[in-house]
*Asks:* 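Quick one: the structure is below, questions incoming.
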Amino acid sequence: MRFPSALTILAIVTVAVWILAFVIPSGAYDRNADGAPVEGTYHRVDSGQSFVDRLNDLFLSPVNGLYGIQDAKTGRVGPSLAGELYGSAGVFLFVLAIGAFITVVFATGALDRGIGLLAHRLRERGALLIAGVMTVFSVLGTVEGFAEETLGFYGLIVPLMLALGYDRLVATGTIIVGAGIGVLCSTVNPFATGVASSAADISLGDGIVLRFVMWLVLTAVSILYVVRYGRRVQRDPSKSLTGFLPGDRDHAQPAPADGTGGPREADPAPGAPAATDGPPELTGTHKLVLTLLTLVFAFMIFSVVPWSSALTGKADATPYGWELGWSFPQLAALFLVAAVLVGVAARLGEAELSSTIIQGAADFISPALVIVLARGVTVIMNNSQITDTVLHSIEGVVRGAPSALFAVLVFVVNLPLAFLIPSTSGHATLAMPILAPLADFAGVSRAVMVTAWQAASGWMNLWVPTTAVTIGGVALAKVGYNKYLRFVAPLLAILFVLICAFVAAGAALT
């Protein structure tokens, strides 16, 4: 048995929604000047669609999901209409562009070598090694969705942890939890925050202050959790939840009495870098690439944050003259240009750079297509005019509910959806057209809804067996999945409580 891919699930969802549209009555809200539904104005309408029209919508749903145009008068979406872009072409190209950029960065070897060098230099200080690697992975996760890329680091991290007297669960937790917390608390991660913000019709930078504080706290808590377990195993190997394979303890030494977290001159475990011949130092080219990587993401954050609102606390504050207010078209261009700059700086050559950019875009075509298919589902709902009916069915529950409770419920409700739809971007594209106006009815900021939604998706992805990051990680570390669940369960409970507190506070404050 194998869990179906995100594309297969969304194809099934597309057909299911199309069939349900024959049963669910059509309806609509009155809209205000901003196009948002007005609470209490729902009324039944006739969609005016024939069976052929509905069949045509099903047939064209992927096309409409990419570049469907919404007619300003009728509200219908189609590829040959005149009006505003309803499809996800901007997000689609953005995903391909950042895929090209990330692939070019990895092709230079700078990021791999930088992380390897960090791990080697901290090899004699276990707690610092855990904290350093988890912090780097968390930073990469929160800004660019660093997750599957972690699978390449098990061959380095596992032997180092074993040489320090830790078990394989420490290495597994360092990698999976480190990157996973970053994705859970995404600040500008394009595959989570970016897609959700686009679907919610808000800026990528809206709510970044709350998400940043949340990232700081949850990352610190996760590091302390893994370090605490690691020290317990160091002092008493029998406390290990997973035990040790033959050879794991051959070169490990007990933790020193000073509590620094590892032996000063321990022999490396099989496969671990020796103290004298560690990974090569960063070259000037590698340093330049890492500098460019940092500058690109720093500039992306600067370009999307609504600084006037963030600094004054007023949602309707007049933008400063130096604010860029960039969105997905500009960001797509930024990462395409950045990919070329990194390739030129690393002297990849014209042929290699071109092929790497193409390969990078090809590697990210799957999440891009998921976004398109998910957007196609919303087109079917829009054209059959059942979106407002679904929204109206939940309006009564939201009306009068405290904003803090509503934000927590959004987090909880999205947990099973995150399991059923393993694609973060697909989940966002499907859920946000309903959650965003629902937040308006509840008097809660749409940015808080994005935070609550992505926290649910990130929390589930720390343990669900439908993700390659989790299943592939425990397989590479040679740790039983049941052992990993036992290890991470208390942390999941702690994170659950902290997330509820953060989204409730965010809703109350906004």
Side-chain angles (χ1 to χ4, degrees), residues 95 98-99 101-102 105-106 111-112 114-115 118-119 129-154 157 171-197 204-205 207-227 290 293-294 296-298 300-301 304-305 367 411 418 422-425 427-428 450-464 467-470 472-473 488 491-492 494-496 498-499 502-503:
V95 170
I98 198 171
F101 173 72
I102 292 172
V105 170
F106 271 104
L111 192 57
D112 288 355
I115 294 174
L118 171 68
L129 174 61
I130 294 170
V133 173
M134 288 186 71
T135 299
V136 170
F137 283 176
S138 184
V139 170
L140 292 172
T142 194
V143 298
E144 59 100 340
F146 190 80
E148 286 85 355
E149 296 87 347
T150 60
L151 296 176
F153 292 96
Y154 282 87
I157 303 300
T172 307
T174 298
I175 298 173
I176 295 179
V177 176
I181 286 297
V183 175
L184 187 158
C185 304
S186 296
T187 49
V188 289
N189 171 13
F191 307 106
T193 314
V195 176
S197 298
L204 178 61
I208 194 172
V209 175
L210 172 65
R211 294 193 294 269
F212 178 72
V213 175
M214 185 174 167
W215 172 78
L216 284 177
V217 174
L218 268 61
T219 299
V221 168
S222 301
I223 290 173
L224 290 174
Y225 181 86
V226 177
V227 168
L290 292 177
L293 174 68
T294 303
V296 167
F297 279 109
M300 179 186 76
I301 295 172
V304 300
V305 171
F411 166 66
S423 166
T424 300
S425 51
H427 180 191
V450 170
T451 301
W453 162 82
Q454 71 180 27
S457 178
W459 188 86
M460 290 295 288
N461 285 334
L462 284 173
W463 66 273
V464 292
T467 63
V469 176
T470 301
V488 81
L491 177 61
L492 290 173
I494 295 171
L495 295 176
F496 187 95
L498 289 175
I499 291 168
F502 269 106
V503 297

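The basis for the numbers below is simple: all heavy atoms, side chains too, and nothing from hydrogens, waters or symmetry mates.
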*Asks:* So, for Trp453 and Ala196, which heavy atoms are closest and what is the spacing to 0.1 Å?
*Replies:*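 That closest heavy-atom pairing would be CZ3-CB, 3.6 Å.
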*Asks:* Working to the nearest 0.5 angstrom, can you tell me the gap between Trp459 CH2 and Phe411 CZ?
*Replies:* 6.5 Å
*Asks:* Enter the distance from Phe502:CZ to Leu218:CG here, rounded to the nearest 0.5 Å.
*Replies:* 6.5 Å
*Asks:* More than 12 heavy atoms of other residues, nucleotides or ligands under 6.0 Å from OH of Tyr225: yes or no?
*Replies:*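 More than 12 within 6.0 Å, yes.
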*Asks:* Kindly determine whether Phe137 and Ile115 satisfy side chain to side chain contact (heavy atoms under 4.5 Å, CB included), including the steps that lead there.
*Replies:* CA-CA 9 Å; Phe137 283 176; Ile115 294 174; 3.7 Å; yes
*Asks:* Identify the residue among Thr142, Val195, Val183, Leu204 that makes a side chain to side chain contact (heavy atoms under 4.5 Å, CB included) with Asn189.
*Replies:* Val183
*Asks:* Any chance you could measure Ser222, atom OG, to Leu495, atom CG, to the nearest 0.5 Å?
*Replies:* 5.0 Å
*Asks:* About how many Å separate CD1 of Ile176 and CG of Asn461, when rounded to the nearest 0.5 Å?
*Replies:* 11.5 Å
*Asks:* For Ala171 versus Ile157, what's the shortest heavy-atom pair and its separation?
*Replies:*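 Ala171 and Ile157 have their closest heavy atoms at CB-CG2, 4.0 Å.
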*Asks:* At what distance, to the nearest 0.5 angstrom, does CD of Glu144 lie from OG1 of Thr187?
*Replies:*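 If we round to the nearest 0.5 Å, Glu144:CD and Thr187:OG1 are 11.0 Å apart.
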*Asks:* Could you report the tightest heavy-atom contact between Ser197 and Val450, atom names first, then the distance?
*Replies:*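 So the minimum-distance heavy-atom pair works out to OG-CG1, 4.2 Å.
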*Asks:* Between CD1 of Ile499 and CG of Leu184, what distance do you get to the nearest 0.5 Å?
*Replies:* 4.5 Å
*Asks:* Side chain to side chain contact (heavy atoms under 4.5 Å, CB included) for Phe101 and Leu293? Distances and angles first, verdict last.
*Replies:* CA-CA 9 Å; Phe101 173 72; Leu293 174 68; 3.7 Å; yes
*Asks:* Keeping the roles fixed (side chain from Thr294, backbone from Leu290), state whether a donor-acceptor pair exists under 3.5 Å.
*Replies:*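 It does hold such a pair.
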*Asks:* Would you check if the side chain of Thr193 reaches a backbone N or O of Pro190 as a donor-acceptor pair within less than 3.5 Å?
*Replies:* no
*Asks:* Which heavy atom of Ala418 sits nearest a heavy atom of Ala456, and at what distance?
*Replies:*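 Result for this residue pair: CB-O, 4.2 Å.
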*Asks:* Does Phe191 reach the side chain of Ile98, with side-chain heavy atoms less than 4.5 Å apart?
*Replies:* yes
*Asks:* Can you see which heavy atom on Ser457 is nearest to which on His427, and at what distance?
*Replies:*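 Shortest heavy-atom contact: CB-ND1, 4.3 Å.
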*Asks:* Indicate the atoms forming the closest heavy-atom contact of Val143 with Met300, along with that distance.
*Replies:*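 Here Val143 and Met300 meet closest at O-CE, 4.0 Å.
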